Engineer: 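Have a look at this one before I ask anything.
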Amino acid sequence: RAEDCLDLVYLTGEDGVAREPLKKEGKEATVWIHSVFSDGDDIYAFYYTVSPHWPAEPATFGTGLAHSKDGGKSFRRTALRFSPDSLFREIVFAFPYREHLYLLLRNPRVGFGSIYLARVKKRRWENAGAYEVWDGKRWVKEEKRAQALFGNAGATSIQWNAYLGKWLAVYTAVFSGERFLSEIQARTADDVVGPWSEPVVLVQCPVEPKRVWGSCYAAQHNSAWDAENGKIIYITASDWLPYNVFLYEVTLK
């Protein structure tokens with residue numbers, strides 16, 4: 001079980017210090033790798049280019065797709081690139097389902113973190129024209145027609161939960177009352193496209209001492225650690241004090 005021990009492998013250089021799996025280019029301040037998925041022995045990850053203005057606009061130079069052939073030790077950029085004005089500017093989670101790869105897109109400008117759903121057929125993810133978004137009724141190519149699944153969410157994860165017999169979305173609420181990034185919430189749905197239930201609170205995070213960036217931001221659930229057929233789930237979330245990642249165990253009822 002995850003509560004016993006997690007064996008983490010870190011990317012380090014010859015000096016033992018953490019190194020970049022994907023190096024920055026040009027005027028990029030740094031590059032964030034996220035939304036990792038695998039295709040056989042190949043590993044892919046969407047990356048977010050961070051501008052020196054972050055978090056002020058323009059916060060990014062765009063989002064792209066990187067590819068690793070050495071087990072994630074290093075990545076190279078593919079030709080796929082979404083502009084910073086695209087709905088795909090922030091791809092927070094990727095998961096395979098049937099013949100597609102599904103993506104959760106987050107727009108922090110709308111509804112304090114609106115979550116949208118996109119998909120692309122497997123092995124066509126380097127083709128920007130192959131991506132579709134959910135418009136509330138059907139899959140369409142025009143991203144401006146996308147309708148949010150729900151709002152007030154951080155970097156959401158969505159995975160099937162066998163214990164509930166439903167899709168389970170887990171995320172940090174942007175606001176809970178007047179509190180900022182201090183509550184982990186969940187929603188459920190019978191279909192990945194929704195409709196999604198009203199949120200329920202899984203974790204009330206520490207409120208003292210007061211933090212600028214909240215006490216449990218970027219909460220995500222990883223189903224690989226599920227126990228008892230998904231009745232027990234594990235969630236990782238970061239705390240600004242200290243700046244580290246913490247593991248939460250939640251037993252569903």
Side-chain angles (χ1 to χ4, degrees), residues 1-3 6 32 34-35 48 54-55 59 89-95 102-117 147-228 230-253:
R1 298 235 322 231
E3 65 178 358
L6 293 178
W32 292 338
H34 52 95
S35 306
Y48 182 92
W54 187 93
R89 59 173 282 170
E90 195 171 338
I91 303 170
V92 297
F93 196 73
F95 60 98
Y102 285 76
L103 309 174
L104 299 184
L105 317 177
R106 179 176 180 269
N107 189 338
R109 297 173 178 173
V110 181
F112 299 110
S114 296
I115 300 299
Y116 298 84
L117 186 65
Q147 294 293 318
L149 301 181
F150 48 82
N152 194 36
T156 304
S157 60
I158 290 180
Q159 290 162 97
W160 177 256
N161 185 276
Y163 174 73
L164 298 175
K166 294 178 181 291
W167 290 93
L168 177 66
V170 174
Y171 57 90
T172 301
V174 178
F175 288 101
S176 49
E178 296 181 356
R179 295 167 57 195
F180 180 60
L181 299 179
S182 56
E183 192 172 273
I184 300 176
Q185 297 182 352
R187 297 174 187 255
T188 59
D190 294 325
D191 194 316
V192 69
V193 298
W196 288 88
S197 70
E198 291 299 309
V200 296
V201 179
L202 297 183
V203 179
Q204 292 279 7
C205 304
V207 295
E208 297 295 340
K210 187 177 181 180
R211 298 157 173 82
V212 174
W213 292 102
S215 57
C216 56
Y217 68 94
Q220 288 199 335
H221 159 227
N222 190 321
S223 61
W225 302 335
D226 286 355
E228 298 185 23
K231 181 178 181 180
I232 298 175
I233 66 172
Y234 291 89
I235 300 168
T236 55
S238 297
D239 192 331
W240 194 254
L241 294 174
Y243 189 45
N244 212 330
V245 180
F246 291 81
L247 184 68
Y248 293 87
E249 180 186 272
V250 176
T251 300
L252 303 176
K253 297 181 179 179

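Treat the numbers as computed from the prediction; the structure is a model and nothing was measured. In what follows, every heavy atom counts, from backbone to side chain, and hydrogens, waters and symmetry copies are set aside.
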Engineer: Does any non-hydrogen side-chain atom of His221 lie less than 4.5 Å from one of Ile235?
Structural biologist: yes
Engineer: State the CD-CG distance between Gln185 and Asn152, to the nearest 0.5 angstrom.
Structural biologist: 6.0 Å
Engineer: For the OG atom of Ser215 and the CG atom of Leu181, what is their distance to the nearest 0.5 Å?
Structural biologist: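 One gets 8.5 Å once the value is rounded to the nearest 0.5 Å.
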Engineer: Please check if the side chain of Ser35 supplies one atom and the backbone of Ile91 the other of a donor-acceptor pair under 3.5 Å.
Structural biologist: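 Pair found, side chain donor or acceptor close to backbone of Ile91.
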Engineer: Is there side-chain contact between Trp196 and Ile115, with heavy atoms separated by less than 4.5 Å?
Structural biologist: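 No, their side chains stay 4.5 Å or more apart.
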Engineer: Any donor-acceptor pair under 3.5 Å linking the side chain of Ser197 with the backbone of Thr188?
Structural biologist: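 Here the side-chain-to-backbone pair exists.
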Engineer: With a 4.5 Å heavy-atom cut-off, do Gln204 and Arg179 have their side chains touching?
Structural biologist: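 In short, these two side chains touch, coming nearer than 4.5 Å.
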Engineer: Among all residues two or more places apart in sequence or in another chain, which pass the salt bridge (charged side-chain N to carboxylate O under 4.0 Å, His left out) test with Asp239?
Structural biologist: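 Result, salt bridge (charged side-chain N to carboxylate O under 4.0 Å, His left out) vs Asp239: Arg211.
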Engineer: Please examine the side chains of Pro199 and Phe150, heavy atoms only from C-beta on, and report whether any two atoms are closer than 4.5 Å.
Structural biologist: no
Engineer: Could you check whether any side-chain heavy atom of Tyr48 comes within less than 4.5 Å of a side-chain heavy atom of Arg89, counting everything from C-beta outward?
Structural biologist: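 The answer is yes, as the side chains (C-beta and beyond) meet within the 4.5 Å cut-off.
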Engineer: Of the non-hydrogen atoms in Val174 and Gly154, which two are nearest, and what is the gap between them?
Structural biologist: CG2-N, 4.2 Å
Engineer: What is the distance from atom CD1 of Ile158 to atom CG of Leu104, rounded to the nearest 0.5 Å?
Structural biologist: 4.5 Å
Engineer: What about Phe180 and Phe175, are their ring centers closer than 6.0 Å?
Structural biologist: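 That pair passes the under 6.0 Å test.
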Engineer: Going from OG on Ser182 to OH on Tyr217, what distance comes out if it is rounded to the nearest 0.5 angstrom?
Structural biologist: 14.0 Å
Engineer: Test Val170 against Tyr248 for side-chain contact (heavy atoms from CB on, under 4.5 Å), laying out the working first.
Structural biologist: CA-CA 12 Å; Val170 174; Tyr248 293 87; over 6 Å; no
Engineer: Please verify the inter-ring angle class for Trp32 with Trp54; under 30° counts as parallel, over 60° as perpendicular, anything in between as tilted.
Structural biologist: perpendicular
Engineer: Would you give the length of the straight line joining atom CZ of Arg106 to atom CZ of Phe93, rounded to the nearest 0.5 angstrom?
Structural biologist: 15.5 Å
Engineer: Which heavy-atom pair separates Leu247 from Ala2 by the least distance, and what is that distance?
Structural biologist: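 Scanning both residues completely, I find the closest heavy atoms to be CD2-O, 3.7 Å.
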Engineer: Any idea which heavy atoms bring Gln220 and Val92 closest together, and the distance?
Structural biologist: NE2-O, 3.2 Å
Engineer: With side-chain contact (heavy atoms from CB on, under 4.5 Å) as the test, would you mind laying out the steps for Leu117 and Val193 before giving the verdict?
Structural biologist: CA-CA 7 Å; Leu117 186 65; Val193 298; 3.8 Å; yes
Engineer: Taking the side chain as every heavy atom from C-beta outward, state whether Ile232 and Glu249 have any atom pair closer than 4.5 Å.
Structural biologist: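 In contact.
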Engineer: Answer yes or no: is there a side-chain heavy-atom contact under 4.5 Å between Ile233 and Leu252?
Structural biologist: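 The answer is yes; the side chains approach within 4.5 Å.
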Engineer: Okay, side chain of Glu183, backbone of Val201: is any donor-acceptor separation there less than 3.5 Å?
Structural biologist: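 Absent.
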Engineer: Run through Tyr116, Trp167, Phe95 and flag the one making a ring-ring contact (aromatic ring centres under 6.0 Å, His included) with Tyr102.
Structural biologist: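 Single pass found, and it is Phe95.
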Engineer: What are the two closest non-hydrogen atoms of Trp160 and Asp190, and how far apart are they?
Structural biologist: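 So the two residues come closest at CZ3-O, 4.5 Å.
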Engineer: Can you name the closest pair of heavy atoms from Ala237 and Ile184 and give their distance?
Structural biologist: CB-CD1, 4.2 Å
Engineer: Assess whether side-chain contact (heavy atoms from CB on, under 4.5 Å) is satisfied between Asp226 and Tyr163, documenting all intermediate values.
Structural biologist: CA-CA 10 Å; Asp226 286 355; Tyr163 174 73; over 6 Å; no
Engineer: Are Thr251 and Lys231 close enough that some pair of their side-chain heavy atoms sits under 4.5 Å apart?
Structural biologist: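 They are in contact (side-chain heavy atoms under 4.5 Å apart), so the answer is yes.
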Engineer: Please check: side-chain N/O of Thr172 versus main-chain N/O of Cys216, any donor-acceptor pairing under 3.5 Å?
Structural biologist: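 Yes: the side chain of Thr172 pairs with the backbone of Cys216.
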Engineer: Which atom pair, heavy atoms only, marks the closest approach of Thr156 to Ala169?
Structural biologist: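 So the minimum-distance heavy-atom pair works out to CG2-CB, 4.2 Å.
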